[in-house]
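So the structure is just underneath, and the comments pick up after that.
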Amino acid sequence: MMFEEMKVFAGSSHRDLANRICQSLGIPLGESTTIRFSNENLLVKIEENVRCADVFVVQTACEPLHEHIMELFILIDALKHASAARITAVIPYMPYVRSDKKDKPRISITARLMADLLETAGAHRVLLMDLHAAQIQGFFRIPADQLMAAPIICRYLEKRDLSNLVLVAPDAGEVKDLIRYANTLNLSMAIIDKRRERDDENAKAVSIIGNIEGKDCLLIDDEIASGGTVVNASKFLKARGAARVLVACTHAVLSGQAPERLAGAPIEEVIVTDTVPLASKKSKIPQLTVLTVAPLFAGAIQSIHDGNSVSRLFEHQLEQGVLDFKHS
Ligand code: R5P
């Protein structure tokens, strides 16, 4: 099914990224207003005609998280009632992705609940990036496209001498992603055995599979939240004889004291993307490199609108080096 007009709107979570996506697409960001009443209720007004349009709504998971989630639902609802023909929720960092299984008695599977709520709000499809676990895609009954930051990060890394580099997974859960990097960059890999006794406790590295002595180690992770995982892993790697430690991750959540922890850790560079806003944290981490995902999202939005394959388009664009990802 082809749609005539494409429009992009954004909630208040990450308007910088939404603007960059629109710049790449060569269209203005759609106008909407969010009003917050004294009782904390939100009201969204779409300020332009969206009748019969193919609409994309950009909202990411960041503080204040629940307000941003509600704002997304209400934006979608407002667009639905304004007669948009199709609504795609573009969520660069999906909320609640770590709540994806019932691994303890009587707990919720909130990622699944999020998928249901997006559909109930009126989303016809979703566009996501690097889900904590790939199977979360299957929680959606509506089409869910998942983008990956690996090609962006690999393209950035390929410009340097990688001869002494080994890729390191900070825990077993990261191994599948690591294989993707290892295949692209043709590098060997190592896996840290990470244990976390309680959810609110910092994870600890206890042993490692693979040879890292004298090597430059690149830790790959999907997200940095408290920073505990990569900071502990970096100290562990240095103690085991690593020459240098670098980190690459998609979602720089950087909660609490994470910026200070990273700044004080034996990590030479922290390579992240802009799936969440970083303006207030960037200056606290001297080793930070931010790569933008905006052209990738713009390309995916254009492909969805045109009814083209998302994956094939990116293989082509990356081969041609068409996408310029460096942000700052
Ligand atoms: C865990 O399974 C994830 O892949 C990340 O390692 C984790 O979410 C990072 O959290 P934190 O920075 O709080 O250790």
Side-chain angles (χ1 to χ4, degrees), residues 60-63 65 91-104 107 109-111 114 128-137 139 146-150 153 167-182 189-210 217-238 245-267 269-273 275-278 281-282 284-285 287-288 290:
T60 201
C62 63
E63 294 170 353
L65 179 68
I91 313 176
Y93 177 51
M94 171 83 184
Y96 284 105
V97 277
R98 282 165 77 176
S99 176
D100 63 341
K101 56 190 160 308
K102 198 164 175 191
D103 54 359
K104 293 185 191 74
I107 61 164
I109 306 175
T110 319
M114 285 298 310
L128 312 158
M129 176 168 257
D130 281 345
L131 294 165
H132 180 60
Q135 56 270 28
I136 295 169
Q137 235 178 319
F139 288 1
Q146 183 188 199
L147 302 179
M148 280 167 283
I153 294 171
L167 301 173
V168 183
D171 55 48
E174 202 50 37
V175 172
K176 270 195 182 159
D177 282 345
L178 201 73
I179 291 171
R180 194 172 303 126
Y181 280 85
M189 45 191 262
I191 303 159
I192 291 178
D193 177 10
K194 175 181 100 170
R195 310 272 171 101
R196 195 193 299 257
E197 294 292 318
R198 294 198 328 254
D199 283 349
D200 57 351
E201 191 178 72
N202 273 344
K204 290 187 182 63
V206 292
S207 63
I208 187 158
I209 305 162
C217 295
L218 176 65
L219 282 160
I220 307 273
D221 213 346
D222 59 332
E223 70 172 62
I224 302 175
S226 69
T229 300
V230 291
V231 168
N232 287 332
S234 67
K235 291 178 183 165
F236 177 83
L237 292 169
K238 288 296 279 186
V245 179
L246 301 97
V247 171
C249 109
T250 307
H251 309 296
V253 181
L254 305 178
S255 49
Q257 295 300 302
E260 290 79 5
R261 280 191 189 147
L262 288 171
I267 302 173
E269 188 175 5
V270 182
I271 304 156
V272 301
T273 79
T275 58
V276 290
L278 288 164
K281 297 165 184 166
K282 214 150 71 176
K284 296 183 188 162
I285 312 168
Q287 318 97 306
L288 199 68
V290 185

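All residue numbers refer to positions in the sequence shown, counting from 1. Below, all heavy atoms of this structure are taken into account, side chains as well, without hydrogens, waters or symmetry copies. Both ligands and their constituent atoms are indexed starting at 1 by order of listing. The model shown is predicted, which means the values in this text are computed figures rather than measured ones.
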(message) Out of all atoms in ligand 1, which are within 4.0 Å of some heavy atom of K194? Include the element for each.
(response) 1 (C), 6 (O)
(message) Closer than 4.0 Å to some heavy atom of D171 - which atoms of ligand 1 meet that?
(response)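 Selected atoms, number and element: 1 (C), 2 (O), 6 (O).
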(message) To the closest 0.5 Å, what do you measure between CD1 (I179) and CG (L167)?
(response)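 Result: 11.0 Å between the selected atoms.
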(request) Decide whether an N or O pair under 3.5 Å exists between A225 and ligand 1. (result) yes
(message) I want to confirm something. Looking only at heavy atoms, which of E174, H132, R261 is nearest to atom 1 (C) of ligand 1?
(response)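 The residue whose heavy atom sits nearest atom 1 (C) of ligand 1 is H132.
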(message) Just to be sure I'm reading this right: ignoring hydrogens, which of T229, V253, D221, N232 gets closest to atom 5 (C) of ligand 1? Compare them by their nearest heavy atoms.
(response) D221
(request) Quick one: list whatever passes salt bridge (charged side-chain N to carboxylate O under 4.0 Å, His left out) with E269, sequence neighbours left out. (result) R160
(message) Does K176, at its NZ atom, have more than 12 non-hydrogen atoms belonging to other residues, nucleotides or ligands within less than 6.0 Å?
(response) no
(message) Tell me if the CD atom of E63 is crowded by more than 12 foreign heavy atoms within 6.0 Å.
(response)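 Atom CD in E63 is not crowded, with 12 or fewer foreign heavy atoms closer than 6.0 Å.
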(message) Given V168, which partner from the list V247, L237, L218, L246 fulfils the side-chain contact (heavy atoms from CB on, under 4.5 Å) test?
(response) L237
(request) Compute the minimum heavy-atom distance from G227 to ligand 1 and say whether it is under 4.0 Å. (result) yes
